[in-house]
Amino acid sequence: MSTFRSDFLRTLDERGFIHQISDEEGLDKLFATETVTAYIGFDPTAPSLHAGGLIQIMMLHWMQATGHRPVSLMGGGTGMVGDPSFKDDARQLMTVDTIEANIASIKKVFANYLSYGEGPRDALMINNADWLRDLNYLEFLRDVGRHFSVNRMLSFDSVKTRLDREQSLSFLEFNYMILQAYDFVELNKRYGVRLQMGGSDQWGNIVNGIDLGHRMGTPQLYALTSPLLTTASGAKMGKSLNGAVWLNADMLGAYEFWQYWRNTEDADVPRFLKLYTTLPMDEIARLSLLAGSEINEVKKILATEITAMLHGRSAAEAAAETARKTFEEGGLAADLPSVEVGSGELEAGIGVLAAFAEKAGLVASNGEARRQVKSGGLKVNDVVVTDDKQVLTLRDLTPEGVIKLSFGKKKHVLLRPA
RNA sequence: GGGGGAGUGUCCCGAGCGGCAAAGGGGGCGGACUGUAAAUCCGCUGGCUAUGCCUUCGUAGGUUCGAGUCCUACCUCCCCCA
């Protein structure tokens with residue numbers, strides 16, 4: 001379909017969120033005529049979502065912005081099973097405590113993108129543990145299990161990859177898609193949910209839910225998936241210099257988050273502006289034209305806009321300013337990530353290797369630090385370290401009273417005497 | 001239940017006649033070149049109080065001066081038969 005009538009689908013379409021829809025026309029009509037409730041499931045496999053999950057959150061955001069009701073479903077129940085879709089190995093089983101802790105932590109981020117409440121268009125946060133944890137096995141098998149054909153489930157790509165590689169798929173994991181399908185139906189019954197969205201890897205699971213709905217008498221349900229995110233050169237989204245790009249502020253600061261987007265590949269800039277910012281489309285079109293000479297300026301706007309949504313406008317601007325001082329003036333920005341060290345320790349002297357590995361945590365081990373010295377990757381106060389026996393003392397403090405440690409061109413940590 | 005095959009460096013894949021910190025990829029990281037980009041080229045990719053020491057090849061034992069490599073038991077997975 002070339003044009004959608006509903007604001008929601010038109011927005012998603014023009015911004016590049018849509019990979020597949022189960023029934024474009026039907027769904028468009030639904031969105032055009034009523035307030036729709038739709039959900040996306042989030043697995044509590046870590047204490048924070050990372051950049052890869054941002055696209056789902058943005059879809060929920062646009063739902064609300066266009067007058068509908070988004071539901072974020074926490075997988076407190078399904079998390080006990082683990083989604084095997086397109087995975088090679090079974091996941092480590094998580095304890096209930098871990099799952100609950102992860103959910104509590106993940107939740108914090110959503111309020112930055114959605115407004116919650118009791119109104120008809122206020123977002124909902126729901127945990128599928130509410131209905132999954134107390135299921136009666138036999139009842140469940142008879143009411144729900146009988147609608148599933150194992151033959152059909154085995155035919156899904158998400159499972160086939162696992163089987164083709166001759167890797168085992170436990171019965172536990174195999175049940176994941178049944179539970180997810182059941183979630184969809186249950187959410188329809190409880191909250192009138194009509195649509196489930198997700199990454200393209202979720203297509204099979206979502207369609208299963210639609211089928212189950214048919215058999216269990218729900219109204220027509222719909223599926224909408226977003227494209228799998230990779231950068232223009234094919235790398236997976238969401239990994240930064242120091243690891244995963246977490247959304248929770250306590251796991252990744254605003255500065256590092258900003259840096260991640262600042263380093264976007266040229267070819268990705270227009271696409272990311274559409275997906276991850278709420279800038280109007282004509283503004284994005286204008287910025288995309290600048291992509292030649294001023295692309296670096298556009299990348300800063302991109303980074304600042306995305307960071308502002310998550311961490312707040314002032315934190316985003318502070319991050320931009322820190323980066324400007326650090327990279328453009330080659331100077332020393334006081335609010336780079338910093339680590340405190342006892343001034344007594346510094347008086348006694350800290351070996352460079354230990355400073356980089358143990359104190360700043362910029363490298364994984366002393367050995368790694370030693371190797372980096374050999375390839376010239378470490379700098380103290382912008383001077384390349386050439387001797388791995390060098391010792392940092394009070395004399396290395398800059399006039400600002402810190403020691404700047406750099407690993408590569410982009411990673412900097414300040415040592416600050418306590 | 002019977003028979004056959006497999007598990008290697010804590011990112012992944014994958015070689016490995018009893019002398020092995022273990023080939024080769026991919027990925028990742030650093031350097032050069034650039035624009036905090038991409039592409040390309042070069043280097044690195046167990047730990048440490050380091051001319052040495054310690055820990056690694058599914059787990060636990062055993063043979064041996066010496067075991068990823070041989071033997072035994074166990075665990076897990078795959079395939080065939082029942």
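Just so it is clear, the values below take in all heavy atoms, side chains as well, and ignore hydrogens, waters and symmetry mates. In the text below, chain A, chain B and the rest are named by the order of the sequence lines, each starting its count at 1.
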Output a table of donor-acceptor pairs, distance under 3.5 Å, between side-chain atoms of residues 313-323 of chain A and any protein atom two or more places apart or on a different chain; print 'none' if there are none.
{"unit_1": "A:R313", "atom_1": "NH1", "unit_2": "A:E305", "atom_2": "OE2", "d": "3.1"}
{"unit_1": "A:R313", "atom_1": "NH2", "unit_2": "A:E305", "atom_2": "OE1", "d": "3.4"}
{"unit_1": "A:E321", "atom_1": "OE1", "unit_2": "A:R324", "atom_2": "NE", "d": "3.1"}
{"unit_1": "A:E321", "atom_1": "OE2", "unit_2": "A:R324", "atom_2": "NH2", "d": "2.9"}
{"unit_1": "A:T322", "atom_1": "OG1", "unit_2": "A:A318", "atom_2": "O", "d": "2.9"}
{"unit_1": "A:T322", "atom_1": "OG1", "unit_2": "A:D335", "atom_2": "OD1", "d": "2.7"}
{"unit_1": "A:T322", "atom_1": "OG1", "unit_2": "A:D335", "atom_2": "OD2", "d": "3.0"}

Close approaches to RNA chain B from residues 299-326 of chain A, in residue order (heavy atom, under 4.0 Å): A:K299, A:A323

Are there any protein N/O atoms within less than 3.5 Å of an N/O atom in nucleotides 41-45 of chain B, and if so, which ones and at what distance?
{"unit_1": "B:C44", "atom_1": "O2'", "unit_2": "A:R371", "atom_2": "NE", "d": "3.3"}

Given B:A38, B:G35, B:U36, the nucleotide with the shortest approach to the side chain of A:N296: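 Comparing B:A38, B:G35, B:U36 against the side chain of A:N296, the answer is B:G35.
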
Step-by-step ring-ring contact (aromatic ring centres under 6.0 Å, His included) determination, A:F31 to A:F4: CA-CA 10 Å; A:F31 269 103; A:F4 291 101; 9.8 Å; no

Partner residues of A:K404 under the salt bridge (Lys or Arg N to Asp or Glu O under 4.0 Å) criterion, sequence neighbours left out: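 Testing A:K404 for salt bridge (Lys or Arg N to Asp or Glu O under 4.0 Å), a comparison that skips the adjacent residues, returns A:D382.
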
For atom CZ of A:F327 and atom C1' of B:G35, their distance in whole Å: 12 Å

Those residues that, when tested against A:F140, pass ring-ring contact (aromatic ring centres under 6.0 Å, His included) (two or more places apart): A:Y182

Show me the donor-acceptor pairs within less than 3.5 Å that the side chains of residues 384-391 of chain A make with the rest of the protein, sequence neighbours left out.
{"unit_1": "A:D387", "atom_1": "OD1", "unit_2": "A:K389", "atom_2": "N", "d": "2.8"}

Residue met sooner reading RNA chain B from 5', once A:K379 and A:A364 are mapped to nucleotides: A:K379

Pairs meeting criterion salt bridge (charged side-chain N to carboxylate O under 4.0 Å, His left out) with involvement of residues 128-138 of chain A, two or more places apart: A:E100-A:R133

Pairs involving residues 354-367 of chain A, ordered by first then second residue, that meet salt bridge (charged side-chain N to carboxylate O under 4.0 Å, His left out) (sequence neighbours left out): A:E345-A:K359

Per-nucleotide protein contact string for nucleotides 49-57 of chain B, where B marks a base within reach and S marks sugar-phosphate only (heavy atoms under 4.0 Å, - for neither): SB-------

Of all pairs that satisfy side chain to side chain donor-acceptor pair (under 3.5 Å), the ones with a partner from residues 103-112 of chain A, not counting sequence neighbours: A:S105-A:N248

Extract all donor-acceptor atom pairs below 3.5 Å that involve side chains of residues 141-149 of chain A and protein atoms in other chains or at least two apart in sequence.
{"unit_1": "A:R146", "atom_1": "NE", "unit_2": "A:R142", "atom_2": "O", "d": "2.6"}
{"unit_1": "A:H147", "atom_1": "NE2", "unit_2": "A:D143", "atom_2": "O", "d": "3.2"}
{"unit_1": "A:S149", "atom_1": "OG", "unit_2": "A:N151", "atom_2": "N", "d": "3.3"}
{"unit_1": "A:S149", "atom_1": "OG", "unit_2": "A:R152", "atom_2": "N", "d": "3.0"}

Pair listing, ring-ring contact (aromatic ring centres under 6.0 Å, His included) test, anchored in residues 320-356 of chain A, at least two apart: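 Found A:F327-A:H412.
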
